[in-house]
Amino acid sequence: MAEIIDGKLLALKVKDKLKSKVVEFKNKYGRDIVLSVVLVGDNPASQVYVRNKLKATEYVGMKSLSFVLPENASENQVAETVKSLAVDKGVDGILVQLPLPKGIDERKILKLIPPEKDVDGFLAENVGKLMLGEETTVACTPFGVLTMLKENNIELSGKNAVVIGRSNIVGKPMAMLLLKENCTVTICHSKTVNLKEMCSNADILIAAIGKPLFVTADMVKPGAVVIDVGINRTEKGIVGDVDFENVKEKVSFISPVPGGVGPMTIAMLLENTYLCALRRENC
Ligand code: NDP
């Protein structure tokens, strides 16, 4: 039976450590760390995410600025909001909650964020730095997964890691981070042939697919470490991409949904905001 990786508890640990780093920052630089959040429209899931992010910001002692624009806001209005935050010297991080309403070009909006304020780590400059192994802001979800692995003292070097999913915000940066930790990394996706065979060779298996209970017990290697990134809203509530109940009997570590990667993602957003503030002071 697997050890369950408690993402909620670990996120609290990260946030509590941050609390004292935020106090030190204030004492040293004489100012607050400020995260700005832009929410456009009335997507209920986005509203919950933003509320949780703002709550967490307050918890660690950072300040937040929240900008809520209506569903029918024009691309120009959203762009102007982001542009004003880009030049605001008092703002350390800019988060534009995705998805944006139809008709607004997300890429165009995100490009208005200066790389040094890109707390989500989505911009080409930051992704490129990750590829080059340079210090940068790493997307919050893969950063959270890596922290979960490290905090549980899971050996990574030389291990076979399989990442299911190749999105720009989860799969690809996750693979790069594991490569940096000396894993041998395979990225799988919807066109992968023999997915089951690939997965059953994985010492570390990361599921970031978006399909409820997709990874079943017959796909995993006994003793593997399984991290479930998926968030799927079903009739039975929120479930992950992994058939948790059956897979947990076979593996050594597993993260649950909810209470796994989700809370870690928010904690790493705050860590990223802190790191952005620190870099801005030291550049
Ligand atoms: P995307 O939809 O962008 O990517 C999903 C990936 O899964 C794609 O690369 C796709 O392949 C692959 N895939 C789909 N079907 C299959 C299949 N049958 N076999 C193998 N691979 C498949 O999703 P995201 O990366 O944005 O998110 C993934 C999941 O993680 C979602 O459930 C999302 O809600 C959740 N999530 C959770 C976060 C958290 O904080 N916990 C944060 C971000 C996301 P292809 O590229 O070929 O289409």
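Both ligands and their constituent atoms are indexed starting at 1 by order of listing. Along the sequence shown, the residues carry numbers beginning at 1.
Side-chain contact between Ser157 and Lys159: absent, with no pair of heavy atoms (C-beta onward) separated by less than 4.5 Å. Residues Phe143 and Met264 fail the side-chain proximity criterion, which asks for heavy atoms closer than 4.5 Å. Looking at heavy atoms from C-beta onward, Pro263 lies out of side-chain contact with Ile266 at the 4.5 angstrom threshold.
The single protein non-hydrogen atom nearest to atom 26 (O) of ligand 1 is Ile169 CD1, 3.8 Å, given as residue, atom name and distance. Among all non-hydrogen protein atoms, the one lying nearest atom 19 (N) of ligand 1 is Phe214 CZ, 3.5 Å. With respect to atom 48 (O) of ligand 1, the closest heavy atom belonging to the protein is Ser190 OG, 3.6 Å. Ranking the protein heavy atoms by distance from atom 36 (N) of ligand 1 puts Val229 O, 3.7 Å first. Looking only at protein heavy atoms, the nearest one to atom 44 (C) of ligand 1 is Val170 CG2, 4.0 Å. Closest to atom 29 (C) of ligand 1 among all protein heavy atoms lies Gly210 N, 3.7 Å.
Counted by atom type alone, Asn43 and Tyr49 present zero donor-acceptor pairs between their side chains at under 3.5 Å. In the model, Ser74 has no side-chain atom that pairs as donor or acceptor with a side-chain atom of Asn76 under 3.5 Å. Counting only N and O atoms by type, the side chains of Thr136 and Asn126 include a donor and acceptor under 3.5 Å apart.
Checking Met264, His189, Lys172 against atom 20 (C) of ligand 1, the nearest heavy atom belongs to His189. For atom 7 (O) of ligand 1, the nearest non-hydrogen atom from the set Ile209, Val215, Ile227 belongs to Ile209.
Contacts between Thr192 and ligand 1, counted as non-hydrogen atom pairs separated by less than 4.0 Å, are absent for every part of the residue.
Looking at Ile94, Val91, Leu269 one by one, the single match for side-chain contact (heavy atoms from CB on, under 4.5 Å) with Leu35 turns out to be Leu269. Shown are Leu178, Leu177, Val162; of these, the side-chain contact (heavy atoms from CB on, under 4.5 Å) with Val185 is made only by Leu178. Paired with Asp92 under the rule salt bridge (Lys or Arg N to Asp or Glu O under 4.0 Å), one option of Lys63, Arg279, Arg280, Lys117 passes, and it is Arg280.
Interatomic distance, CG of Leu12 versus CG of Leu18, reported as 11.5 Å (0.5 Å rounding). One distance of note links CE of Met174 with OG of Ser167; it measures 11.5 Å at 0.5 Å rounding.
When only interatomic distances are considered, the shortest N/O to N/O separation between Ile231 and ligand 1 falls below 3.5 Å. Checked by distance only, ligand 1 and Arg166 come closer than 3.5 Å through their nitrogen or oxygen atoms. Distances between N or O atoms of Ser167 and those of ligand 1 include at least one value under 3.5 Å.
Look at Ala208 and you'll find a heavy atom under 4.0 Å from some atom of ligand 1. For Cys188, the heavy-atom gap to ligand 1 stays at 4.0 angstrom or more. In this structure, Thr141 counts as a contact residue of ligand 1, since one of its heavy atoms falls inside 4.0 Å of the ligand.
Remark: ligand 1 atoms within the under-4.0 Å shell around heavy atoms of Ile164 are 20 (C), 21 (N). Every atom of ligand 1 is numbered from 1 in the order shown, and the set under 4.0 Å from a heavy atom of Lys211 is 15 (N). Of all atoms in ligand 1, numbered sequentially from 1 with element shown, those under 4.0 Å from a heavy atom of Thr265 are 39 (C), 40 (O). Close contacts of ligand 1 with Gly262, meaning ligand atoms under 4.0 Å from a residue heavy atom, involve 40 (O), 41 (N). Near Gly165, with a cut-off below 4.0 Å to any heavy atom, the atoms of ligand 1 are 6 (C), 7 (O), 9 (O).
With respect to the salt-bridge test (charged N to carboxylate O, under 4.0 angstrom), the residues Arg31 and Glu281 qualify.
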